[in-house]
2 protein chains.
Amino acid sequence: MKVPPASIKDVAKRAGVSAGTVSNVFSGNRPVKPGLAKRVREAAAALGYEPDRAASQLRGGKGRVVGIVIPELSNPFFTSLVAAIETAARAESFDILVASSSDDDSEEAARLRTLLAWKPAGVVIVPASDEFPSRGLLEKAGLPFVVVDRVPQDFTGDAVSSDNFDAGLQAARHLFELGHRDIVVAASSMRLQNIRERCSGIESVLRETDSAPLSLIELGFSFESAAARLEQLATERRRPTAFLALTNFGTLGVLATLQQWNARVPDDVSVLGFDDYSWMRAVSPPLTAIRQPVEEMGRRAWRILRRRIEGDSEPPEGIRLACTLERRRSTATCPPGTTIDIKRPSRRDRDDLAKSN
Amino acid sequence: MKVPPASIKDVAKRAGVSAGTVSNVFSGNRPVKPGLAKRVREAAAALGYEPDRAASQLRGGKGRVVGIVIPELSNPFFTSLVAAIETAARAESFDILVASSSDDDSEEAARLRTLLAWKPAGVVIVPASDEFPSRGLLEKAGLPFVVVDRVPQDFTGDAVSSDNFDAGLQAARHLFELGHRDIVVAASSMRLQNIRERCSGIESVLRETDSAPLSLIELGFSFESAAARLEQLATERRRPTAFLALTNFGTLGVLATLQQWNARVPDDVSVLGFDDYSWMRAVSPPLTAIRQPVEEMGRRAWRILRRRIEGDSEPPEGIRLACTLERRRSTATCPPGTTIDIKRPSRRDRDDLAKSN
DNA sequence: GTGAAAGCGCTAACAA
DNA sequence: TTGTTAGCGCTTTCAC
């Protein structure tokens, strides 16, 4: 059953042409007479020939693979991004090399280095942090790259992200309109520029309305740390009437904790989530959430990268895409004077949560 | 800022050795005197040299990239699998080339073909269907490959999957023990062997207990088709006291529909989901679900593939990993005589659902 | 429009 | 242990 892979020479011999001609037939690089081309294609089909991408890239210089580096392959926001880019890229017969950095700068650099060893035509990256040490690597390699989602403050290259400030604004306005004044914002980490921007948006609403300063809680990047922080919260401050989560992860953490507390949503507390997944619509109550245009982000990132690969040298593009507020039922008007009754979690609840990842 | 990438020759020259020696330092293929090795490493570091993987693979024959083909990059079950494989593979400095087939046989074949053009060392594949036409391609290429999750009935090669029969058994037993006799099983498509196996497990419980035959509904692979089918269900049959979903997608569909119907879980209907994600724990009520050991599946698949890449030629392994039932609160004892009151969905509910993807 | 030949960066075989 | 040489499969001059 096993067949030694046919090379360009085998095809050339069978079709009675030179290797160069076969190459031209497949690359479309230079015109070939229709008759010959047909013979070549037939020979190739008969032998099951497919040009070796590695070899072609080695000689030709131009690769047809692009690298994607994301913080976590298990976060649906990032994988949706990968999905969108893959779809766009494969339409132009580019292949996708993925690596994840586990939200760690040096891991990111290491992963990027091995990616670069394949001489990709370009890279799309969601940095692990604002430090973005990989930037140097990328620039030294002279490789086109696009930064997505987590765009560091001082970054001036090509970038695609949500309009995070406006997202924060919309979210906060929504809660304010419902009468909420005591809101806890659940962020992952303030070390990320996109999170800081979302907070600024929220703060600008706070200022508009002469409200108390932002009440913020940093949940980190794991479910465990989130649960721990939120539990601690109950001992630190008055119970808020609403939670505003700034990541999909934070949304999950808040929901799980509320559940432990036997708080009803939205009767006791309103919850506004971030990112928009099917489960948010399927559960009860359906979650009000800020939807980021992930697919569009992926498509735009690819479009820019594609142009750069072609050699385009226009000034960098910094694209900010609008988020939308999906009003559903986890947010409701704030009953005046309401506080939530925080009960100690039952044994069973704690077990459920402990198993989370 | 841009630096032309240094080649092995540049490093050799700078270190005052031959290219072959540099190669040996990096590949560890043959021993090199410590002193020389050090000089080489320094020179490489100074030049920012990293061996070109494509070139090395071309000459050496052995690739250090593995292909992964999955049905959907947007399904968290599959991306978790990718994550697990990536983690295991990168630990042995293999890189990951991913492609998605959109649950389509011919798409799968096309994607696989371009993957093979990179001459990967091996492939992990979750077939789009039981037809698995890609199998021929893989065998002709003589490439080691492991089939994961959707293992066709007649497939005899290396495979890793859940013990689907037992999963069905556990799920059905759980519902039966709670007194449920009128259960609707929500599957994606009976054309998939893993789904059929899960059904067999359920049926065996039905037989054990002399119950009515399996009540099954095929939801397809999109949220829309699932919603449509489920809506139709209400017109076709008596309302069940429990739903048993056989995919994470089906779980979502059932939940969303129940919500439209204003049915309370578990008071009106019990819901048993498939796959186990954070959101299932965070929502209210937390979902009882069958958990598949995704990470373990990924690790095992990699382990087998790795051995095959090394040249191992033991008889094929067919690994079946046990699933576990995570008892939470969406399943409850069946109140005798209960039926659910199916109301027409409100306008708002329909809108929410229509936006689903 | 096509063929012949050189060579991309690397590793393997053979010498030394 | 190290250097030298050939050549992986392809694309790209340079002739014709």
Side-chain angles (χ1 to χ4, degrees), chain A residues 3-41 43-44 47-65 93 95 114 116-121 141, chain B residues 3-41 43-44 47-65 93 95 114 116-121 141:
Chain A
V3 173
S7 85
I8 199 171
K9 282 185 187 162
D10 302 323
V11 179
K13 198 170 295 171
R14 195 180 220 270
V17 297
S18 78
T21 303
V22 177
S23 169
N24 289 328
V25 169
F26 280 92
S27 67
N29 221 316
R30 303 155 110 6
V32 176
K33 275 231 186 91
L36 272 197
K38 185 153 169 281
R39 280 218 325 266
V40 170
R41 275 184 215 292
L47 297 170
Y49 169 76
E50 187 85 18
D52 181 316
R53 299 255 203 173
S56 124
Q57 147 162 344
L58 175 58
R59 181 60 241 241
K62 45 199 163 216
R64 275 194 106 63
V65 61
S93 62
D95 288 305
T114 83
L116 294 182
W118 288 100
K119 302 272 137 67
Chain B
V3 172
S7 85
I8 199 170
K9 281 186 189 163
D10 302 323
V11 179
K13 197 171 297 172
R14 194 180 221 270
V17 297
S18 77
T21 303
V22 177
S23 168
N24 290 327
V25 169
F26 281 92
S27 67
N29 222 315
R30 308 153 97 15
V32 176
K33 274 235 187 86
L36 272 197
K38 185 154 171 281
R39 282 222 318 272
V40 169
R41 277 184 213 292
L47 297 171
Y49 169 77
E50 186 86 19
D52 182 317
R53 298 257 205 171
S56 129
Q57 150 162 341
L58 176 58
R59 180 60 240 242
K62 44 196 165 217
R64 276 195 106 64
V65 62
S93 62
D95 288 305
T114 83
L116 293 183
W118 286 100
K119 302 272 137 65

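Here the structure is a predicted model, which means the values were calculated and not measured. Labels below follow one simple rule: chain letters A, B, ... track the order of the sequence lines, proteins then strands, and each chain is numbered from 1.
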- Message: Regarding B:S23 and B:N29, do their side chains bring together a donor and an acceptor under 3.5 Å, going by distance alone?
- Response: no

- For the side chain of B:D10 and the backbone of B:A6, is there at least one donor-acceptor N/O pair under 3.5 Å apart? no

- Contact interval (first through last nucleotide) of DNA chain C with protein chain B, 4.0 Å heavy-atom: C:dG9 to C:dC14

- Note on the structure: Heavy-atom contacts, protein to nucleotides 9-16 of chain D, under 4.0 Å, summarised as B (base), S (sugar-phosphate only) or - (none) per nt, yield BBBBB---

- Can A:R14 and A:L47 be said to form a side chain to side chain contact (heavy atoms under 4.5 Å, CB included), step by step? CA-CA 9 Å; A:R14 195 180 220 270; A:L47 297 170; 3.8 Å; yes

- Is a side-chain donor or acceptor of B:R53 paired with a backbone partner of A:A117 at a separation under 3.5 angstrom? no

- Note on the structure: Residues at least two apart in sequence or cross-chain that pass salt bridge (Lys or Arg N to Asp or Glu O under 4.0 Å) with A:D52, listed by chain then number, are B:K119

- Query: Between B:Y49 and B:S7, what is the shortest heavy-atom contact and its length?
  - Reply: CE1-C, 3.6 Å

- Side-chain donor or acceptor of B:Q57 paired with backbone N/O of B:W118 under 3.5 Å: yes

